[in-house]
**Q** 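Take a look at the following structure, please.
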Amino acid sequence: MPYSRDRDQFPSSMPTPQSQARRKHPITPGASDLDPYAKAVVVHVTGGGRASITYIPTDNDDTQTVTVEVADGWVSDTSVRRVSALSVVASGTASVWGLYN
């Protein structure tokens with residue numbers, strides 16, 4: 001079923017950094033910037049494990065990466081222009097998704 005404006009409670013809400021994301025797409029980590037940059041990223045880890053993610057916040061230089069070890073459901077506190085790496089620290093599998101307005 002396609003998008004229905006009649007069912008959307010907030011069809012004309014102005015997107016802000018604090019507003020809820022309206023789209024979510026999988027991200028493949030790599031050396032390229034996202035197009036468009038993500039409002040935030042969320043990591044899903046299955047099997048009870050943890051993951052390590054390396055990313056670049058939107059206004060950081062290419063050398064200013066952030067690496068954190070995260071659990072399932074972690075959401076970045078900055079907008080993200082590149083996800084360079086994602087790996088499983090313990091058991092399970094991990095995926096990263098971009099959140100967009």
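Keep in mind the model is a prediction, meaning the values are calculated, not measured.
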**Q** Which atom pairs, one a donor and one an acceptor, fall under 3.5 Å between side chains of residues 88-96 and the rest of the protein, sequence neighbours left out?
**A**
unit_1: Ser91; atom_1: OG; unit_2: Gly47; atom_2: O; d: 3.3
unit_1: Thr93; atom_1: OG1; unit_2: Thr46; atom_2: OG1; d: 2.6
unit_1: Ser95; atom_1: OG; unit_2: Trp97; atom_2: NE1; d: 3.1

**Q** Locate the shortest heavy-atom distance separating Pro36 from Tyr100; write the atom from each residue and the value.
**A** O-CE2, 3.4 Å
**Q** Please tell me whether Val43 and Val68 are part of a single hydrophobic cluster in this structure, the criterion being side-chain heavy atoms less than 4.5 Å apart.
**A**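 They do share one cluster, since a chain of ILVMFWY contacts under 4.5 Å joins Val43 to Val68.
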**Q** To the nearest 0.5 angstrom, please state how far the OG atom of Ser84 sits from the CG atom of Asp33.
**A**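 So the gap between those two atoms works out to 10.0 Å.
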**Q** Any salt bridge (charged side-chain N to carboxylate O under 4.0 Å, His left out) pairs touching residues 43-54, not counting sequence neighbours?
**A**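 Applying salt bridge (charged side-chain N to carboxylate O under 4.0 Å, His left out) to every pair that reaches into residues 43-54, excluding sequence neighbours, yields Arg50-Glu69.
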**Q** Checking Arg23 side chain against Gly98 main chain: does a donor-acceptor pair fall under 3.5 Å?
**A**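 Looks like no, no N/O pair under 3.5 Å.
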**Q** Hey, are the side chains of Leu34 and Arg81 touching, using non-hydrogen atoms and a 4.5 Å cut-off?
**A** no
**Q** Taking all non-hydrogen atoms of both residues into account, name the closest pair between Val45 and Ala51 and its distance.
**A** CG2-CB, 3.8 Å
**Q** Using every non-hydrogen atom in the two residues, find where Tyr55 and Trp74 come nearest and quote the distance to one decimal.
**A** CE2-CH2, 3.7 Å
**Q** Show the nearest heavy-atom pair for residues His44 and Asp72, with the distance to one decimal.
**A** CA-OD1, 3.1 Å
**Q** According to a hydrophobic-cluster definition based on side-chain heavy atoms being under 4.5 Å apart (Ile, Leu, Val, Met, Phe, Trp, Tyr only), do Tyr37 and Val66 belong together?
**A** no
**Q** Does Val83 share a hydrophobic cluster with Ile56, counting links as ILVMFWY side-chain heavy atoms below 4.5 Å and allowing steps through other members?
**A**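 Result: no, two separate clusters.
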**Q** Could you state the interatomic distance from OG1 (Thr78) to CG (Asn60), rounded to the nearest 0.5 Å?
**A**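 It comes to 7.5 Å.
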**Q** For side-chain contact (heavy atoms from CB on, under 4.5 Å), just list the numbers for Val41 and Ile53, CA-CA rounded to whole Å, side-chain angles, deciding distance to a tenth of an Å, and then say yes or no.
**A** CA-CA 10 Å; Val41 294; Ile53 183 171; 4.3 Å; yes
**Q** What are the two closest heavy atoms between Asp62 and Thr65, and how far apart are they?
**A** O-CG2, 3.8 Å
